[in-house]
There are 2 protein chains.
Amino acid sequence: MTDAQNTIQDVENSSYVLRQLRFLVTNGDVGSNGKLPTERELSETLGVGRRAVRRALEALEAEGLVWRKQGKGTFIGQPPDPTGALAAVIAGQTRASEVAEARLYIEPALAGLCAARAKPDDVRRMRVLAERTHQTADRDAAELWDGALHRMIARTAGNRVLLTAFSLVDEIRSSDAWRALREKARSPDTNDLYARQHMHLIDCIERGDVVGAEEAMRAHLNTLSARMKHVIEDAGTVSDAAGGEDD
Amino acid sequence: MTDAQNTIQDVENSSYVLRQLRFLVTNGDVGSNGKLPTERELSETLGVGRRAVRRALEALEAEGLVWRKQGKGTFIGQPPDPTGALAAVIAGQTRASEVAEARLYIEPALAGLCAARAKPDDVRRMRVLAERTHQTADRDAAELWDGALHRMIARTAGNRVLLTAFSLVDEIRSSDAWRALREKARSPDTNDLYARQHMHLIDCIERGDVVGAEEAMRAHLNTLSARMKHVIEDAGTVSDAAGGEDD
DNA sequence: GGTTGAACCAATCGCAAAGTGGTTCACCTA
DNA sequence: TAGGTGAACCACTTTGCGATTGGTTCAACC
């Protein structure tokens, strides 16, 4: 066996491990919390050294496919957003009206920054998300796509602090009590209005119209807020008569 | 011993415990983390029942002098703000320009809401804080008073979510790296300008002028931001050429 | 020179026991 | 009879320990 052949074998060994792990990550049966087998287990299962497993995992981590933490393990995807715990604390001290109010300041700010910074590819993806929100007949799916659109706008804005504030609101609104409230506010007759508002917002973002984007987002949120308030009044007392809101 | 005398004795016993604990809380030697002795320990030390100790602690808690948590203990003052941990995480992912930018959205919003909701007593206290900020010769003290003024405006705004966003910024800005940056931006020749800006802001709040308060806060922050940017350019490269800012 | 297995280190987790505040109850006293 | 007390019980938090898991280094081997 020559040096060249040995080098080839090493290279094939490395790519074998990487391929196997990539397959596991994208298709495998991992634990309910996304946990992969330990490095030592993978080393045994794949019949390679632990160092080889580590190298492959390092590559996958660099690609953002897994995250690892010493003492804890290796998991699929990205680490959970750290705002969850704080949101749980704040939620108990927050009324629906405060969340809607905060949203009215935070999301237009993010929309404006997004208009200043979005790239053509970003805008394309926003249009796809908006389209999916309004074309699906499944209400739960519509809500997921809508949430994804708002999150994308927030991320594209490129400000970590404001994104965190947005995430905080998002986490609070994802609680069961909030979900029930939003369930009540759903109505087929507002679908067209929301679709139009979304499109107008994305148009402003595409044009780089900061002020326009802020106002479009503000108008959209005010529509949601009015709708939600209406539902609460119809249904009688719930948690907060000035509550918000959903698309 | 008559009924009247017994009632007096009970009352004196209660006030004895309350007095002792109040003294301990305000002058005592408590642990480095502000932890008081346990209820059972205090009961023994003071020679009263645990129920009496609890009643006294309940009163002190209602006065905001202590906070208590089942399983954890009883501590001086108020519970720590829950944003500290999140701020530590976010700080590492945030540039100075993002913090300054976020501040430009969050603090005017809070100033506007504060203008809508402040009571005469609130305004009086803000004036006291502003006065102290600008009359002390001690720069560190000035910074503390200034911070207290901004925090009071944020609290008076009455929105828990936005207050949390503000606290997040506050925590990030209280880190050592940020403090060093602000140290460099201090200058005696801007003291009058900042004092005027503070007074104008508080005037708007007093009048209930929401838009005026927002614009006053925005102008103030822009002055700070420009000042800080200047310092960074003079000093050459630091962490972020577009950094912010301080009073 | 690169891989490997082994050894060691630092961080995390699970668990049981201990500790701490929260609540209830029976008893005692005036 | 009302209020205080000690005891018991409950729910939550902390602590300490052993086991586990990723992070790093090193010597041996090919």
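Quick caveat, the model's predicted, so the values are computed rather than measured. Every chain is numbered from 1 and lettered A, B, ... according to where its sequence line falls, protein lines coming before strand lines.
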If we only count heavy atoms from C-beta on, is the C114(A) to D122(A) side-chain gap below 4.5 Å?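 They are not in side-chain contact.
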* Asked: Where the side chain of E98(A) meets the backbone of R160(B), is there a donor-acceptor pair that is under 3.5 Å apart?
  ->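 Looks like yes, one N/O pair under 3.5 Å.
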Exercise. Taking 4.0 angstrom as the limit, do R117(B) and E101(A) come out as a salt bridge?
Worked result: yes
Can you tell me the distance, in whole Å, between the [atom1] atom of [X] and the [atom2] atom of [N]?
X      : N       : atom1 : atom2 : value
Y16(B) : dG4(D)  : OH    : C1'   : 16 Å
E61(B) : dG22(C) : CD    : C1'   : 11 Å
E58(A) : dT21(D) : CD    : P     : 19 Å
R51(B) : dT24(C) : CZ    : P     : 10 Å

OG1 of T156(B) to CZ of R125(B), rounded to nearest 0.5 Å, is 7.5 Å
Checklist line | Interatomic spacing from CD1 in I172(A) to OG1 in T164(B) - rounded to 0.5 Å | finding: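 Atom-to-atom, I172(A):CD1 and T164(B):OG1 are 7.5 Å apart.
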Taking dT3(C), dG4(D), dA7(C) as options, the one with an atom nearest any side-chain atom of R50(A) is dA7(C)
(Q) Of the listed nucleotides (dG23(D), dT5(D), dT21(D)), which one gets closest to any side-chain atom of A52(B)? (A)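 Nearest to the side chain of A52(B) among the choices is dT5(D).
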side-chain contact (heavy atoms from CB on, under 4.5 Å) between V48(B) and L42(B), worked out: CA-CA 8 Å; V48(B) 296; L42(B) 291 172; over 6 Å; no
What residues 64-76 of chain A contributes to the DNA chain D interface at heavy-atom separation below 4.0 Å is R68(A), K69(A), Q70(A), G71(A), G73(A), T74(A)
5' priority, DNA chain C, between R54(B) and E41(B) [closest heavy atom] =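 Result of the comparison: E41(B).
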Exercise for review: Specify the residue among T38(B) and G47(A) whose closest nucleotide of DNA chain C lies further upstream toward the 5′ end.
Suggested key: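 Its nearest nucleotide lies further toward 5', so the answer is G47(A).
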Mark yes or no for a side-chain to base donor-acceptor pair under 3.5 Å between R40(A) and dG22(D), with no hydrogen or angle criteria applied.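 Checked by distance alone, the answer is yes.
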